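Below is one structure, written out as structure tokens; the observations come after it.
Here is how names work: the chains are called A, B, and so on, in the same order as the sequence lines, proteins then strands, and each is numbered from 1. These numbers were taken from a predicted model, which means no experiment stands behind them.
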Amino acid sequence: MNYAQIVLPLNLKGSFTYKVPQELLSEIQVGMRVLVPFGGKKIYTGIVFELHDNAPESFVAKEVISILDDKPIVPQEQIQFWNWLSEYYLSGLGEIYRFAFPSSLKLESETYLKLKPNVTVDFENLDVNEMYLIQALEVRQLINLTDIEAFIPKKDIIKTINSLIDLQYIEIDEKIAEKYKAKEVAYVRINDEVLKNQNLTEIILSLKRAQKQKDLFLHILEKQTENPDMHIKKSDLFEDGYFGSSHFKALADKNLVEEYYMQKDRIESYEGEIEEIEELSESQKLAKITIDEAFEEGKNVLLHGVTSSGKTHIYLEKIEECINEGKNVLFLLPEISLTKQITQRLEKKYGRQLGFYHQKLTDFERVEVWRRIRQNDIKILIGTRNALFLPFQNLGLIVVDEEHDSAYRPREVSPYFNAKDAALVLGNFYNARVILGSATPSVESYYNARKDRIQYVFLEERFGKVTLPEYELINFKEAQDSKKVSGNFSLRLIDELKRTVDEKNQAIVLHNRRGYANVIECESCGYVNYCSNCDVVMTYHKAANEMKCHYCGQRASKPKACPKCHSEKLNERGVGVEQIHEEVSKLFPENEVDRMDVDSMRKKFAYEKLYEKIEDGEIDIIVGTQMISKGLDFDHIELVAIPKADSMLYVQDFRAEERAYQLITQVSGRAGRVSGKGKILIQTFNPDHSVFQLIKMNNPAKVYKYILTERQKFHYPPFTKLIMIELKHRKEEKVNRASQFLGSVLRKYLPEDCVLGPEKSQIARLNNLYQFQILLKLPRGKNYEKFKKLVLLSLKEFDEITAYQSIKKDVFVDF
DNA sequence: AGCACGCCGACT
DNA sequence: GTCGGCGTGCTC
């Protein structure tokens with residue numbers, strides 16, 4: 001095993017071959033981090049992915065500089081997982097590595113060097129560079145690679161370091177290479193010597209002229225005798241302000257007390273009481289039995305529980321069982337901010353054995369969690385999709401809550417994987433069971449459950465025998481014709497809102513479109529305001545009084561007159577949530593009406609403040625975008641109104657109906673959680689539309705059947721597999737030609753009806769890049785693998801054209 | 001991804 | 001005459 005395949009944190013295909021030097025041969029293992037030189041002057045932290053004996057033929061392999069871990073940091077199961085991700089989603093291992101690791105675990109040129117202790121350097125045989133480096137180290141002890149650039153030519157750095165390491169003069173400082181330091185807390189105790197050798201009365205006598213010192217000494221002594229095993233925090237002494245640090249210092253100077261330090265976890269853990277969970281209801285018990293049986297057979301589960309049916313309860317039971325078996329749990333959430341209930345309950349029960357991992361942690365905090373997981377200190381980890389990459393030791397259960405949520409598959413960040421599907425695969429590698437849970441499962445998961453690929457468990461009953469909310473469809477066309485409307489609201493809807501607030505209950509108004517008006521249009525010449533970076537009209541935000549591009553974030557001031565024809569007649573077209581909020585505020589001037597969307601929640605603690613206001617009953621009506629469908633579990637919301645429900649359906653996306661169903665059902669679940677008298681008003685021009693009709697029937701099975709029939713008819717997932725290839729470039733002509741070429745290559749290998757496009761993306765230009773896309777509709781099953789290989793072949797052929805190398809290419813598998 | 005190499009425009 | 005723009009090619 002003289003050679004190693006190393007994955008580098010670069011967006012490059014595959015891995016690189018390095019030679020393992022003789023002295024590292026006994027230590028090196030797959031999954032360890034190593035330092036390797038790359039290119040002219042860079043050093044990277046790579047991961048050993050494979051060890052072998054095949055000397056490369058076409059190039060001379062460089063040598064591994066050093067090993068950073070004493071045991072593998074990436075477990076075998078994760079290595080398999082990375083390989084699967086890379087193959088299934090056609091993404092590079094380097095990208096996955098970059099995504100998986102906190103940045104301080106993959107430092108590049110921050111690596112530090114130091115002199116080996118007790119060496120005598122034979123300066124005679126060193127070259128100039130080597131001498132410089134040794135001299136610098138004699139003065140400074142530690143030097144990082146960037147510093148070395150100051151006195152050694154870039155191209156010689158690696159050579160110099162390697163030769164000095166070979167000569168055993170210098171080494172890599174690993175502690176600092178990881179630049180992470182655990183936070184330490186000061187504790188105090190009475191000096192042991194004092195207790196052994198000195199008479200207490202003597203000491204107290206000696207302190208008689210220093211009242212506070214004496215008191216402090218006695219205070220510490222008392223605490224220490226009371227419970228010798230407990231550590232006394234230094235900061236606690238000064239808490240009530242009676243003692244000051246000067247008193248402590250005086251005692252320490254007299255050698256009577258001493259302070260010592262211990263590492264403290266950076267992440268605060270709950271230390272309060274641990275509470276038992278309530279007992280399961282009958283239907284929950286039944287559901288749990290089905291899950292138990294499925295798990296026995298090694299099957300995973302889709303837990304379809306209507307809103308408020310108490311899925312969390314069942315999760316908690318299964319989590320507890322898993323922990324009692326001595327295994328660990330991963331609990332995945334789409335986003336960390338909306339986790340109050342589950343965390344509170346788990347915190348109470350599991351206290352310090354609970355960990356969190358998500359995008360909002362600092363890098364140090366992430367490393368801390370990494371260590372604790374690696375040391376098997378954490379029994380339950382709650383996290384977002386990046387938590388899938390933690391080095392779990394003994395994983396027994398993965399729960400994916402709100403499995404339908406699109407946050408599990410953000411389109412912006414590579415690697416482009418779906419955390420829900422990845423969780424199933426990861427579970428398989430760890431031989432752990434997986435529960436996918438949702439009130440509105442994704443159509444794909446539902447189909448898989450129906451096909452018995454995973455066990456379907458349906459929780460139909462709301463907890464505490466609360467009934468499901470009642471739906472009412474309001475025909476807006478009719479209301480308009482009979483003049484029973486005010487703005488975007490029918491009088492019927494206004495009446496219901498009024499009744500709700502009069503009864504001191506709360507209402508939600510959902511309108512899933514940001515801003516005030518979608519477009520500002522010149523009445524005389526038809527001019528609309530386009531974003532200068534993207535081919536998108538800019539949305540008018542009245543609250544901020546500016547135009548915003550929702551794709552690149554660009555902002556501009558609102559035009560006072562048409563820049564083209566100078567007409568001052570500008571029309572606002574397309575209703576946004578701000579406008580709905582404004583209307584409701586005008587209709588209910590006596591009541592408190594607040595808005596909740598990404599724009600109003602941007603400020604720090606905005607979400608927390610709003611949450612408290614709703615909880616305290618200070619808000620009567622909340623107007624918001626899809627944001628309000630998550631996490632708002634309050635007792636007094638009785639009405640949900642959707643004034644412009646049609647806007648959800650007319651989106652150019654084959655998942656529009658699924659999304660509309662999910663959003664309406666999720667937001668409906670907020671109503672009548674306690675009273676069981678929740679009411680949902682859906683105002684639409686098409687009350688006969690199947691989706692609305694089916695939602696009204698409160699029968700999920702029928703909704704899925706309908707959507708599945710549609711999907712089958714038009715050959716969409718889950719009946720086919722979609723792969724979307726997107727090409728981007730600054731020059732439209734170039735990316736157009738490139739995508740035509742790629743299209744023709746794909747058609748060469750794949751049947752004609754599998755390849756759609758290329759065509760301009762819906763947003764033809766984004767951030768000044770022109771975008772073209774090709775959609776591949778591939779069959780499921782055996783043929784899929786075959787076809788995917790052909791796609792890979794086509795992409796390879798495309799990559800060989802050097803003229804197209806500057807084109808950015810993204811491949812979305814399971815688009 | 002970085003970084004070097006190399007070939008053309010605007011400047012001390 | 002040179003500095004620096006970014007197109008192209010390579011990294012084990």
Closest contact, heavy atoms only, D405(A) versus P334(A): CG-CB, 3.4 Å
Can you check the I801(A) CD1 to dG9(C) C1' distance for me, whole Å? 15 Å
Integer-rounded Å distance: dA1(B) C1' and F16(A) CZ: 10 Å
Integer-rounded Å distance: dC12(C) P and I47(A) CD1: 18 Å
Establish, with yes or no, whether the OP1 or OP2 oxygen of dC12(C) is under 4.0 angstrom from a side-chain nitrogen or oxygen of Q5(A). no
In whole Å, I'd like the distance from the CD1 atom of I65(A) to the C1' atom of dC12(C). 13 Å
As a test of reading the structure: which of dG7(C), dC12(C), dG9(C) is closest to the side chain of R730(A), going by heavy atoms? dG7(C)
Lys NZ or Arg CZ of R730(A) over Y770(A) ring: under 6.0 Å, within 45°: no
Calculate the interatomic distance between F38(A) atom CZ and dC10(C) atom P; express it in whole Å. 13 Å
Rounded distance (Å) that lies between atom P of dC10(C) and atom NZ of K13(A): 16 Å
Scan T802(A) against the nucleic acid and name what it touches under 4.0 Å (heavy atoms): base, sugar-phosphate only, or nothing. sugar-phosphate
Would you mind telling me which of dA1(B), dC12(C), dG9(C) lies closest to the side-chain atoms of Q805(A)? dG9(C)
Sugar-phosphate, base or nothing in reach of Y18(A), heavy atoms under 4.0 Å: sugar-phosphate
Y804(A) has an atom OH; how far is it from atom P of dT8(C), in whole Å? 12 Å
Atom-pair distance (CG on N768(A); P on dC6(C)), nearest Å: 14 Å
K777(A) charged N/C atom sitting above F815(A) aromatic ring, 6.0 Å / 45°: no
Report the nucleotide, chosen from dT11(C), dG2(B), dC12(C), that has the shortest atom-to-atom distance to any side-chain atom of A61(A). dC12(C)
Both conditions, 6.0 Å and 45 degrees, for the charged tip of K721(A) above the ring of Y784(A): are they met here? yes
Closest contact, heavy atoms only, K62(A) versus G39(A): NZ-O, 3.1 Å
